[in-house]
Amino acid sequence: GEVDVSSIPDENLVVLQEYLAHEKWPRIGEISHATDALLANLHEWATSVIEYAAMLRKNGGKPEVLTRRNPLNLFSAVITMTDAENAIAEEDESSKVGWRATYSSLVAPILEDVRAYREAININGAIHTVNVYLDCNRVFFSAYNPETSVSFVTSIHVREINGLLAPNSIERSEFGLRAPPQTRSEMFHRLVHLLVMERQSRLLGYKKTLACKRKLKRIMRETRRISGHLATVTVSEDSLGELRC
């Protein structure tokens, strides 16, 4: 029958501990998994159960069952993880299964203590509640879509902020010199409005990802022959003095 490892009688535990202390009882690792996997696993399980039962007896018995509500305020959130059926779904936040979706759901409760800003904005035609967290020299963005109950997460290093917010030469000529953010909230507000949903092509389809990026200003586009092949070359200005082809 099944062994209740949390309720081993004291008289049985005394005998089991004597076995464990005997000089001929193998130590952990002495039995090779390669040559005798069954005996090695049984030995490790028995040793662990006896040590666990001894710890329970020493500390007054089984602890109380942990639940979401008991003890009070022990857990801030409960996240359920479900394995995806394939590698594509594993890495797709919108699939609601797999490690990527679980990671996105974990970011909010883990970083709640360092949340610096919150705003509801329209991203690619859908309203998202965006939370901004600042930790370890990175700015984390968590965008939650209440209609689909899906969270998307991305982050940037703090050294990228200047490049994202500083106007490039085209923006300066069209709109004039824009003053830098005067407060941290204004800075996060501008960064939040740079968030976009991108579709990344995969072998078996597409997945959506959240990105913080400025809109490129196209300078020119022309078709040229490069190494014998016709190619369309597009040149855009990203940040001031930085071109992207």
Side-chain angles (χ1 to χ4, degrees), residues 66-84 87-124 126-168 171 178-200 202 207-216 238-240 242 244:
L66 296 180
T67 66
R68 185 173 182 178
R69 296 178 176 86
N70 181 44
L72 190 64
N73 298 324
L74 178 63
F75 299 107
S76 61
V78 176
I79 308 298
T80 302
M81 178 178 178
T82 305
D83 291 333
I88 303 299
E90 278 284 350
E91 299 184 6
D92 186 357
E93 290 166 292
S94 62
S95 67
K96 300 184 181 181
V97 294
W99 75 267
R100 186 73 185 184
T102 305
Y103 165 76
S104 298
S105 299
L106 282 171
V107 166
I110 289 176
L111 296 180
E112 180 60 28
D113 291 342
V114 292
R115 178 163 56 87
Y117 185 75
R118 174 181 288 172
E119 182 177 353
I121 64 167
N122 188 314
I123 304 178
N124 292 41
I127 298 297
H128 290 75
T129 300
V130 178
N131 288 296
V132 183
Y133 311 92
L134 183 61
D135 192 33
C136 299
N137 291 322
R138 296 197 69 83
V139 181
F140 295 84
F141 302 92
S142 173
Y144 174 75
N145 186 330
E147 292 186 0
T148 61
S149 299
V150 174
S151 293
F152 293 89
V153 173
T154 190
S155 69
I156 61 172
H157 198 278
V158 292
R159 61 172 171 262
E160 300 177 59
I161 294 177
N162 285 342
L164 287 168
L165 297 184
N168 56 35
E171 291 171 339
R178 187 181 185 184
Q182 301 302 305
T183 64
R184 193 169 73 162
S185 294
E186 184 182 354
M187 178 187 70
F188 289 138
H189 170 75
R190 293 190 189 182
L191 289 172
V192 164
H193 283 263
L194 295 179
L195 293 174
V196 295
M197 288 290 180
E198 296 184 320
R199 294 186 68 195
Q200 293 188 354
R202 297 294 302 272
K207 70 171 185 176
K208 290 196 300 183
T209 59
L210 183 67
C212 183
K213 57 190 298 186
R214 64 189 302 157
K215 294 181 180 179
L216 297 178
D238 196 348
S239 57
L240 184 61
E242 181 178 337
R244 183 178 301 186

| request: To the nearest 0.5 Å, tell me how far I156 CD1 sits from C212 SG. | output: 4.5 Å
| Is there a side-chain contact between V158 and R138 (heavy atoms, below 4.5 Å)? | no
| task | Could you pull out the closest heavy-atom pair between M81 and T102, with the gap in Å? | result | CG-OG1, 3.3 Å
| query | Rounded to the nearest 0.5 Å, what separation is found between the CZ atom of F141 and the CG atom of L210? | reply | 8.5 Å
| request: Walk me through it: do Y133 and S155 pass the test side chain to side chain contact (heavy atoms under 4.5 Å, CB included)? | output: CA-CA 9 Å; Y133 311 92; S155 69; over 6 Å; no
| query | Looking at NZ of K96 and OG1 of T82, how far apart are the two atoms once the value is rounded to the nearest 0.5 Å? | reply | 12.0 Å
| query | Passes side chain to side chain contact (heavy atoms under 4.5 Å, CB included), H157 versus N137? Steps please. | reply | CA-CA 6 Å; H157 198 278; N137 291 322; 3.9 Å; yes
| said: Checking the side chain of Q182 only, and the main-chain atoms of P180 only, is there a donor and an acceptor separated by less than 3.5 Å? | reply: yes
| said: Can you classify the ring geometry of F188 versus Y117 as parallel (below 30°), tilted (30 to 60°) or perpendicular (above 60°)? | reply: tilted
| Step by step, would you call V130 with I123 a side chain to side chain contact (heavy atoms under 4.5 Å, CB included)? | CA-CA 10 Å; V130 178; I123 304 178; 4.2 Å; yes
| query | So, the side chain of E90 versus the backbone of W99: is there a donor-acceptor pair under 3.5 Å, distance only? | reply | yes
| request: Give a yes or no on whether the backbone of A126 and the side-chain of N122 come within a donor-acceptor separation of less than 3.5 Å. | output: yes
| message | Has R214 got a side-chain atom pairing as donor or acceptor with G163's backbone, closer than 3.5 angstrom? | response | yes
| Atom OG1 in T154, atom CD in E198: separation rounded to 0.5 Å? | 8.5 Å
| Of R184, R190, H189, which meets side-chain contact (heavy atoms from CB on, under 4.5 Å) against M187? | R184
| query | Is it true that a side-chain atom of S104 and a backbone atom of R100 form a donor plus acceptor pair closer than 3.5 Å? | reply | yes
| query | How many angstroms lie between CG in L111 and SG in C136, if you round to the nearest 0.5 Å? | reply | 8.5 Å
| field | Spatial distance of atom CG (L191) from atom CG (L164) [nearest 0.5 Å] | value | 6.5 Å
| request: Quickly, which of E112, E119, R118 forms a side-chain contact (heavy atoms from CB on, under 4.5 Å) with N131? Name it, please. | output: R118
| field | Test side chain to side chain contact (heavy atoms under 4.5 Å, CB included) applied to S151 and V107, step by step | value | CA-CA 9 Å; S151 293; V107 166; over 6 Å; no
